[in-house]
Structures are given as C-alpha cells and as structure tokens.
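Everything quoted here is computed from the prediction, not taken from an experiment. Both ligands and their constituent atoms are indexed starting at 1 by order of listing.
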Amino acid sequence: MPLTPDEYRAPLAQAAAHATEWLNSLPSRPVSPRENVEQLETAFARELSEGPTDATEVVDELARLAEPGLMAIGSGRFFGWVMGGTLPAALASDWMVSAWDQNNGLRYATPATAAIEERAGAWILDLLGLPAASSVGFTTGGTMANFVGLAAGRGAVLEAAGWNVNRDGLTGSPRVTVLAGAEVHSSVELALRYLGLGEPTLVASDEQGRIRLDALAAEMATVSGPLILALQVGNLHSGAFDPLREAIRMAHEHGAWVHVDGAFGLWAAASPRWADALDGLDTADSWATDAHKTLNVPYDCGIAIVARAGAAQSAFTAHTSYFIRDDANVADPMDRVPELSRRARGIPVWAALRSLGRTGTVNLIEGLAANARSLAEGLSSIRGVDVLNDVVFTQVSVSFGSAERTRAVTQALIDDGVVWMSGSTWAGRDVLRISVSNWSTDAADVALAIDAVARAVAKIHL
Ligand SMILES: *Cc1c(COP(=O)(O)O)cnc(C)c1O
C-alpha cells in the first residue's frame, strides 16, 4: 500500500486542528487531568487490530481518548515542579523537526539542522555570557546535560592524573572524588551513577540551600586525588545560586573540574539583574541547562555546555576517543552528546530565541521572576501562610504550619483545580512548592493563584 505524498495532508491538518483546540482551551480549563491513569489505560485497552486504520482516524482517536487524561502543563495556572510551557514559534518549529525527520548526527549529512543548532548554541553562549568556544550539545534534558558535563570532567581530571578512562575504563583508576552541595539535584547523582563515580560527598549548605564556602574549603582540604565539584545555579526550593566565583576559584586551585547544574536557573545569566548573584559563572568548566523549563520549548530539550570543547569530544566522539582535542575542528553534533542518532531538538531553541530576540528573552526570564515575587508577596499577606525562602528567582516554598496542615492545604488546592502546585519537602519540612516557569503566566493568573491558596487555607481547619 504505497503512500502518495498527499496522504500526509489530512492527518497533519487534523493534528493541527486538535492541537489548536487543546492550546486554545488552556486559558480556561482546569489544570488537573479529569481521569486517572487506570481510567486512561482502560480507554486505550483495545487489542492491536489485525488490519490498518486510516491515519486521520488514528489522530482523531488519539485526541479524543487522551484529552481527559492530559495535565494542562501549558496553562498559565500550572506552577508544578519546574515545567515550562511552549512558545508558539518553538512548538511550530518542533513540528517541522518531526516532518523533516533529520538524523542530526553528522554535519555533512544533515547540514541544515546542524547549522541551525550551531547558531542556537552560539546565541546561548552569547546570552549567558559563557566562553564563545564552548561545545554546545542538545540533550533530552537537564539530567543528560549534567551527564555530559560530568563525563567531560571525569575524563579531564583522570587524564590530568595520567589515566586514560576511554581506553582503560575505571577499573584500577585513581579514585575521583566528587563534591556537591547538600541540596544537589538528584539528576546529578543519577549522572554520577551512570558514570561509575558513585555517590558524591555532600557539602553542607546554608538555609537557602547554597553550598557553604567554609564547609567546601574544609572538605576540599581532605582531598588529594582527582576532584570534580558540582555546583548549582537555581535551587529547586529557593531558586538560590551557589557562591560561584569563590567556590570555583578554590576548586581550580585543587585542579578540580567544576560543573554547574543550572537546569532552570542558568537562564538568569541572560539578565543584568542577576549579574552579581552569578558573578564567576563563566569561570566554570561545564554547565547544564534545560530549554524545556525556563526557555519554554516543548519537551524534550536540555543543553550541555563544555568550555573546553575537546573534553566533550573526548568523552563522546565515537571514532577518535583517545585524546582530548583542543584544536579548532568543528565537532559533529554526535561528538557532543551521548546519542548518535537523534532529532534536531536544538531547532525549537533557535526558534524560541529567534522569535523572542534578546530583549524578549530577557523579558521572559525577568517576567517569570517578577511573577514569583508577586505571588510570594500575595501569599505572605494570607494568615497562616509562611513563605520560607528569599524569592530570588522563580521558586517559592511555602509552609501552612504543621506538616499535616501543609499537606492538607496542598491537596485542597489541587482538588480546587484552578491552579496546580506541587507538595515537596525542603530541609526536612513539608512545603508547597511553587515554580513560575510558564511564559504565558500573567498578573491575572497570579491573582487567581493567590485566591486559590487563600480558599484552600480557609478550607483546612487543623
Ligand atoms: C529539572 C532539573 C534537573 C533535571 O532536568 P531534566 O530536564 O528533568 O532531566 C536537574 N537539575 C535541576 C536543578 C532541575 O531543576
């Protein structure tokens, strides 16, 4: 049954119609899914059919059955975890990526997508003030971006100790010590596990979750061999940034590799507002961030940046894996990330930045933080609400008194349906955690959110 080119037209038009309907419903619909996963599994429980089904019918069925089980993550009233929405240009270009279906591994084979990602990478380095010669790779997310930076670091610190990890592996190698703040994100720990480096040694952090320099100095004084320091820009609960310049200086004195996990917070570097808070950021060796959080491109897209491009290539080049190359050779996309075959997920990043421009990008980031501050202010004025963190970026952590009461208010808030925010624990305390990460959240959404919390608080008499 050969396809004729026009067979794409109807299913794509239908997909666009369903997608538009979904997106247009976001401003008014409740955020939570109406059905749970068991109900959805039942809805999709049909046996695999013997014969084919028309593509347009497949798209219709998908939209109809899935809709009750979709979380409105793109809603301006969604404040859960740290999840962005999607900018129109980013979404539309993501569709182009799928339609073009380029295997974006090699520059000569897929020149257009390789060139566009190259440009997106250059724009990111420029916006964030990172070294212009850095390697930029597009990964599935922050976890794999952390993996890339830490893999490059592992190779480099072992190389400096006279050990070639690509050739000889880790068995019998000098021990690599990894230091990280006590509030390191679990994805850094996961990446270290993938890399055979085990659990990091945790360094005490302060009340905002920032690594403490005195504790770091004390810990580093006990280390003699290869060392990696993982810092954080954007604490999940407070949004706080580690004290970069001094921590990085100390680590470099010890010959360490410094990796910065900035999954959502690295974008603060685009605005002069956080210039002091992020002083020294550019002196690190590698950085990880997400585009699917603060930049608001569709899932999935992380960005792995390594200052010494050769260190990333050494870890990921499939053909010449022995030596760290520091020459000006332009690496192929597959030399910068774990995958050989992958979609050109850097293109929605290019489109987001192209559509926003420099000012628009800065406004997006500052706007998220401004909304977080308004939310925190509004919530502070409600009786029985305690904002626990200094609201320095997009994150707000709130307590409603006891753990039990905080959990009950959080549940009442989610049942209410107008907004969606996550429960969490921070430094042993139950909290409601609010993340303002959606480009479309506006003052009206912030007001609705404050009202919704006030309603939930009034409902719980504990
Ligand atoms: C979200 C997040 C990650 C992990 O990113 P994914 O895109 O979910 O893989 C890492 N670090 C921090 C601080 C995060 O917020």
Side-chain angles (χ1 to χ4, degrees), residues 71 73 78-86 90 94 124 128 137-151 178 180-195 200 202 205 208-211 229-242 244 258-269 274 277-278 281 284 286-305 337-339 342-343 345-346 348-349 352 365 368-369 372 389 392-397 421-422 424-427 431 433-438:
M71 173 77 93
I73 292 175
F78 180 85
F79 301 96
W81 298 283
V82 187
M83 297 184 179
T86 179
D94 195 58
I124 290 163
L128 303 181
F138 293 93
T139 61
T140 48
T143 304
M144 289 315 285
N146 280 326
F147 175 81
V148 169
L150 293 165
V178 183
E183 298 196 10
V184 61
H185 192 269
S186 57
S187 67
V188 169
E189 296 177 312
L190 201 53
L192 292 170
R193 204 193 300 165
Y194 298 161
L195 288 163
L202 298 184
S205 52
Q208 297 298 320
R210 294 172 294 226
I211 200 165
L229 171 63
L231 295 174
Q232 180 169 259
V233 157
N235 177 289
L236 271 187
H237 291 97
S238 67
F241 312 117
D242 279 345
L244 299 168
V258 183
H259 173 74
V260 177
D261 174 14
F264 64 94
L266 200 70
W267 295 94
W274 291 281
L278 293 177
L281 177 70
S286 57
W287 304 262
T289 191
D290 267 321
H292 57 221
K293 291 178 176 171
T294 311
L295 189 63
N296 280 259
V297 309
Y299 288 99
D300 45 22
C301 187
I303 302 167
I305 305 170
V337 293
E339 295 88 359
R342 69 170 174 86
R343 70 190 273 102
R345 59 169 61 86
V349 172
I365 295 154
L368 300 175
N389 64 309
V392 296
F393 195 50
T394 55
Q395 306 298 103
V396 185
S397 284
M421 298 170 174
S422 329
S424 181
T425 56
W426 184 33
V431 297
R433 192 181 61 202
I434 301 166
S435 176
V436 184
S437 299
N438 193 304

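Short contacts between ligand 1 and G141, defined as distances under 4.0 Å to a heavy atom of the residue, involve ligand atoms 7 (O), 9 (O). Close approach of ligand 1 to F264 (heavy-atom distance below 4.0 Å) involves ligand atoms 15 (O). Under a 4.0 Å criterion applied to the non-hydrogen atoms of L236, ligand 1 contributes the atoms 15 (O).
Listed for the S397 side chain is a donor-acceptor partner under 3.5 Å among the backbone atoms of H237. T289 contributes a side-chain N or O that, together with a main-chain N or O of G262, makes up a donor-acceptor pair within less than 3.5 Å. D290 places a side-chain N or O within donor-acceptor distance of the main-chain N or O of G142, the cut-off being under 3.5 Å. In terms of modelled atom types and a separation under 3.5 Å, the side chain of N146 and the main chain of M144 share no donor-acceptor contact.
Of all protein heavy atoms, the one lying nearest to atom 11 (N) of ligand 1 is D261 OD2, 2.7 Å. For atom 10 (C) of ligand 1, the closest non-hydrogen atom on the protein side is S187 OG, 3.0 Å. At the top of the distance list for atom 15 (O) of ligand 1, counting protein heavy atoms only, stands K293 NZ, 2.8 Å. Protein heavy atom nearest atom 5 (O) of ligand 1, with residue, atom name and distance: D290 OD2, 3.2 Å. Remark: minimum distance from atom 6 (P) of ligand 1 to any protein heavy atom is reached at G142 N, 3.3 Å.
Ligand 1 has no N or O atom lying under 3.5 Å from any N or O atom of Q232, backbone or side chain.
The minimum heavy-atom distance linking T140 with E339 is given by the pair CG2-OE2, 4.0 Å. Taking all atoms of both residues into account, the shortest heavy-atom contact from A284 to V260 is CB-CG2, 3.7 Å.
Both the backbone and the side chain of T143 come within contact range of ligand 1, each with a heavy atom under 4.0 Å.
No hydrogens or angles considered: a donor-acceptor pair under 3.5 Å links the side chains of S435 and Q395.
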